[in-house]
Amino acid sequence: MSLFAITLPDGSQRHYDRPMSGAEIALDIGPGLAKSALAVRVDGTMRDLAGIIDRDVHLAIVTKRDPDALELLRHDAAHVMAEAVKELYPDAQVTIGPAIDNGFYYDFARATPFTPDDLIRIEARMQEIVSRDEVIQREEMDRDQAVRFFEGMGEKYKAELIASIPEGQPIGLYRQGAFIDLCRGPHLPSTGKLGKAFKLMKVAGAYWRGDSRNEMLQRIYGTAWFEEKDLQAYLTMLEEAEKRDHRRLGREMALFHQQDEAVGSVFWHPKGWTLWRTVEGYIRNRLEASGYVEVKTPQLVDRSLWEASGHWEKFGANMFTVQTADERTLAIKPMNCPCHVQIFRTGIKSYRDLPLRMAEFGSCHRYEPSGAMHGIMRVRAFTQDDAHIFCTEDQITSETVAFCELLKEVYRDFGFEDVRVKFSDRPPTRAGSDEIWDKAEGALLAASAAAGLETTRNPGEGAFYGPKLEFVLRDAIGRDWQCGTMQVDFVLPERLDAAYIAEDGQKHRPVMLHRAILGSFERFLGILIEHYAGRFPIWLAPLQVVVATITNEADAYAAQVLAQLRARGLRAECDLRNEKINLKVREHSLAKVPVMLVVGRREAEMSNVAVRRLGGSNQEILALGEAVDKLVAEAVVPGA
RNA sequence: GCCGAAAUAGCUCAGUGGUAGAGCAACUGAUUCGUAAUCAGUAGGUCCGCGGUUCAAAUCCGCGUUUCGGCACCA
């Protein structure tokens with residue numbers, strides 16, 4: 001007589017005549033499976049192995065091969081770390097400790113900060129706890145009981161967390177050894193299942209509940225894997241990421257530098273500036289082909305304009321200001337939009353002028369918090385590939401669709417295929433009425449649907465004047481970067497009194513679409529450097545070709561080769577030094593020059609070149625003219 | 001801005017209270033060489049800044065600056 005039946009992923013069914021735990025079912029299926037079982041998936045939801053099943057369900061036994069198993073492991077690692085910390089430092093209070101990408105963290109409240117030596121001790125104690133193989137057991141309490149329980153242990157943060165959970169639902173607690181923690185679960189059956197492939201990485205401050213008004217906790221980060229080789233692979237990946245750090249490559253490749261006297265700004269060196277100009281030239285062509293006009297507006301603008309635009313009130317804390325001798329206050333522009341409205345406002349605009357797509361490589365300054373600075377990715381002086389599209393409400397959709405097409409094309413040209421889109425709606429601090437926000441959000445959502453975008457919602461993250469689409473691209477090593485943006489703005493045209501004459505002969509407000517593709521040049525170039533690890537495709541490389549001689553008998557010929565390359569617009573240099581070719585190959589390879597043309601006596605006599613590609617180990621002998629034609633074709637800027 | 005760490009030659013780093021070091025780079029000379037380091041020599045320092053402790057400070061203490069790792073913020 002069967003009480004219930006489970007259906008396994010392969011469709012087979014098993015019948016039971018009494019309630020069974022997940023572990024018992026795994027054992028019933030096979031002893032091997034029982035040994036490797038970590039949790040169960042009941043009707044799609046992960047549950048503890050010890051959980052009781054007493055009704056018809058779809059059930060899967062979760063082992064480490066399950067894609068979600070790592071999250072379980074990492075969550076357990078966080079608990080084991082908390083147990084170790086409580087054993088070693090009883091004065092520390094526990095707070096929260098989730099699994100994150102590649103690892104986990106746990107936030108502790110403690111008067112004395114943890115030191116790197118503490119991390120070593122904690123990690124050693126974690127190994128002990130794993131060896132103890134403590135059973136991890138779920139318990140439940142009602143809410144008020146749980147609050148008293150944690151208050152009784154002096155864990156005021158836990159008590160506060162539980163107190164904010166609605167009354168009525170039972171509170172899940174997990175006990176392992178003497179350690180007990182509030183947790184939704186599920187967890188592995190015992191601490192031994194964690195294994196030894198984990199490592200504590202760093203300690204850092206983090207605000208309680210993520211709010212900068214709250215006290216700061218001590219956060220310990222770790223990484224955890226099922227296999228030692230996965231851990232080693234991850235650590236190797238981190239080393240590789242470090243090697244492509246744009247700050248390091250910027251120095252090694254002589255692209256730019258930064259120094260203390262100009263914090264948050266960049267000194268672009270000749271090679272870095274060549275890269276910049278290449279990108280700028282490329283994007284300028286794309287914009288021209290897409291019907292944009294380019295403008296240039298002032299750096300310093302009187303505060304009255306910023307007051308009128310709303311920036312003084314909403315953005316003032318981030319603005320650099322200047323006092324003049326005649327006691328006027330000017331601000332260095334943090335954004336280009338109010339200035340673009342000034343251009344729009346001169347003369348009379350007709351509906352026939354719309355949409356008016358006004359672009360500027362606008363140099364902006366923002367007083368960013370000191371801790372936010374990061375190489376050239378986050379700076380106080382930056383240049384946007386900014387544009388404002390003045391249009392009618394009816395044109396929002398078609399303009400958004402056209403913009404999304406342009407954006408995807410640009411990203412593809414830079415080697416980014418994977419692009420995600422976020423939709424950010426009204427923030428708590430904003431300008432404009434709720435009706436206007438309803439309209440703006442509705443218009444942008446409809447337009448993004450028309451452009452065929454799948455968006456994820458980002459509540460409360462819009463700009464103060466309007467909702468935005470944010471375009472996030474994924475680089476060569478899987479990191480996400482927010483670059484492009486498209487924002488609908490009904491507020492600024494109103495505040496700055498922009499108008500056009502419509503077909504009805506009356507004045508109407510245009511809508512402003514704020515948009516950028518690269519975001520800021522500084523940041524985008526930083527991303528490009530890291531994405532390509534400095535090995536740029538030939539069209540972007542600051543130095544495209546080096547002509548290297550084997551003997552000075554080839555010097556005159558090398559000069560001829562160089563002249564031909566330059567005459568065809570290639571960025572090329574000669575290396576005539578009296579050095580061995582091995583050294584020249586090594587140095588120009590390390591400098592990441594895409595192509596080397598090696599010439600010796602043989603090439604000079606035959607008017608050939610030996611083409612050596614960066615990363616390649618062999619060379620191709622070509623006639624000079626043929627080689628130059630080939631390189632010129634490869635170096636063509638996309639869209640040119 | 002907050003928490004923590006760091007700052008020594010152009011770069012990477014050593015130097016725990018007693019004369020400031022190494023490798024690479026630079027410079028000079030020799031070498032004319034066939035695809036990732038030729039050999040020899042020379043020069044190079046406010047040890048981040050300012051104060052303090054000490055007979056004596058790169059080293060210990062305080063303040064400041066900047067950078068790094070996070071948090072918060074954000075293009």
Side-chain angles (χ1 to χ4, degrees), chain A residues 105 107 110 112-116 118-119 201-221 242 245 247-248 251-252 254 257-264 315 317-318 334-335 362 364 366-386 461 463 468 470-471 481-485 514 516-524 526-527 548-555 576-591 596-603 610-621:
Chain A
Y105 67 79
D107 287 349
R110 182 167 183 253
T112 9
F114 294 108
T115 66
D118 290 332
L119 292 200
M201 304 297 285
K202 57 198 167 201
V203 57
Y207 295 109
W208 168 234
R209 298 195 149 184
D211 189 329
S212 59
R213 289 166 301 191
N214 289 343
E215 61 269 41
M216 185 150 279
L217 308 172
Q218 309 283 326
R219 173 172 299 179
I220 302 177
Y221 284 95
E242 203 174 309
D245 189 307
R247 293 165 297 192
R248 175 187 179 129
R251 186 181 58 239
E252 287 176 359
H257 88 272
Q258 296 176 281
Q259 66 186 48
D260 293 357
E261 289 81 357
V263 171
F315 206 74
N318 294 303
M335 297 182 193
C364 296
R366 296 181 191 171
Y367 189 78
E368 299 292 343
S370 58
M373 244 78 70
H374 177 84
I376 65 172
M377 301 280 208
R378 202 55 198 284
V379 287
R380 286 177 174 157
F382 59 99
T383 304
Q384 295 171 307
D385 65 319
D386 198 12
E461 296 294 321
K468 50 182 176 180
E470 295 175 323
F471 298 86
W481 302 97
Q482 195 207 301
C483 293
T485 179
H514 305 238
I517 298 175
L518 309 182
S520 92
F521 275 82
E522 286 79 0
R523 178 177 159 82
F524 192 78
I527 293 167
T549 52
I550 288 171
T551 145
N552 60 18
E553 287 174 57
D555 284 4
L576 304 181
R577 291 175 303 165
N578 176 18
E579 295 289 353
K580 293 172 106 169
I581 194 62
N582 292 295
L583 183 85
K584 295 187 183 184
V585 165
R586 176 179 159 82
E587 288 191 349
H588 299 299
S589 299
L590 289 174
M596 231 183 286
L597 299 183
V598 177
V599 296
R601 191 192 303 193
R602 292 205 295 269
E603 287 75 14
V611 183
R612 186 194 165 97
R613 307 272 176 174
L614 178 58
S617 55
N618 51 359
Q619 59 263 230
E620 187 185 12
I621 309 292

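Just so it is clear, the values below take in all heavy atoms, side chains as well, and ignore hydrogens, waters and symmetry mates. In the text below, chain A, chain B and the rest are named by the order of the sequence lines, each starting its count at 1.
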Specify the separation, in whole Å, of atom [atom1] of [X] and atom [atom2] of [N].
X	N	atom1	atom2	result
A/Arg378	B/U67	CZ	P	14 Å
A/Asp245	B/U12	CG	P	12 Å
A/Arg602	B/C33	CZ	P	12 Å
A/Tyr221	B/A5	OH	P	17 Å
A/Asp107	B/C71	CG	P	10 Å
A/Leu614	B/A36	CG	C1'	11 Å
A/Leu583	B/A37	CG	C1'	6 Å
A/Met373	B/A75	CE	P	15 Å

Check every strand shown and say whether [X] touches a base, only sugar-phosphate, or nothing at a heavy-atom separation below 4.0 Å.
X	answer
A/Ala204	base
A/Leu518	nothing
A/Asn578	base
A/Gly526	nothing
A/Lys202	sugar-phosphate
A/Ala610	base
A/Ser212	sugar-phosphate
A/Gln384	nothing
A/Phe524	nothing
A/Glu603	base

Partner lookup for [N], please. Criteria are Watson-Crick or G-U wobble with both distances under 3.5 angstrom; report none if nothing qualifies.
N	answer
B/U54	none
B/U16	none
B/C39	B/G29
B/G23	B/C11
B/U59	none
B/G34	none
B/A6	B/U66
B/G1	B/C71

Does any N or O in the side chain of [X] come within less than 3.5 Å of the main-chain N or O of [Y], such that one atom is a donor and the other an acceptor?
X	Y	result
A/Lys584	A/Val598	no
A/Arg247	A/Arg251	no
A/Glu522	A/Thr383	yes

Let me spell it out: for each of A/Gly600 and A/Val263, pick the nucleotide of RNA chain B with the closest heavy atom. Which residue's pick is nearer the 5' end?
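Comparing both residues, the 5'-ward one is A/Gly600.
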Heavy-atom nearest nucleotide on RNA chain B taken for A/Pro116 and for A/Ile621; more 5' hit belongs to A/Pro116
Distance-only donor-acceptor test (3.5 Å): side chain A/Arg219, base B/C71:
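Check fails, no donor-acceptor contact within cut-off.
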State whether the distance check finds a donor on one side and an acceptor on the other, under 3.5 Å, for side chain A/Tyr207 versus base B/G70.
no
Would you say [X] places a side-chain N or O within less than 4.0 Å of OP1 or OP2 belonging to [N]?
X	N	result
A/Arg247	B/C68	yes
A/Asn582	B/A36	yes
A/Arg577	B/C33	no
A/Ser370	B/G1	yes
A/Tyr367	B/C73	no
A/His374	B/C74	no
A/Lys584	B/A37	no

Residue A/Arg601 excluded, over 12 heavy atoms near CZ under 6.0 Å:
no
Do we count A/Phe382 as stacking onto B/A75 if the rule is ring centres under 5.5 Å and planes under 30°?
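Base of B/A75: stacked against A/Phe382.
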Apply salt bridge (charged side-chain N to carboxylate O under 4.0 Å, His left out) to A/Asp555 and list each qualifying residue two or more places apart in sequence or on a separate chain.
none
Can you tell me how far the CG atom of A/Leu518 sits from the CG atom of A/Asp386, to the nearest 0.5 Å?
11.0 Å
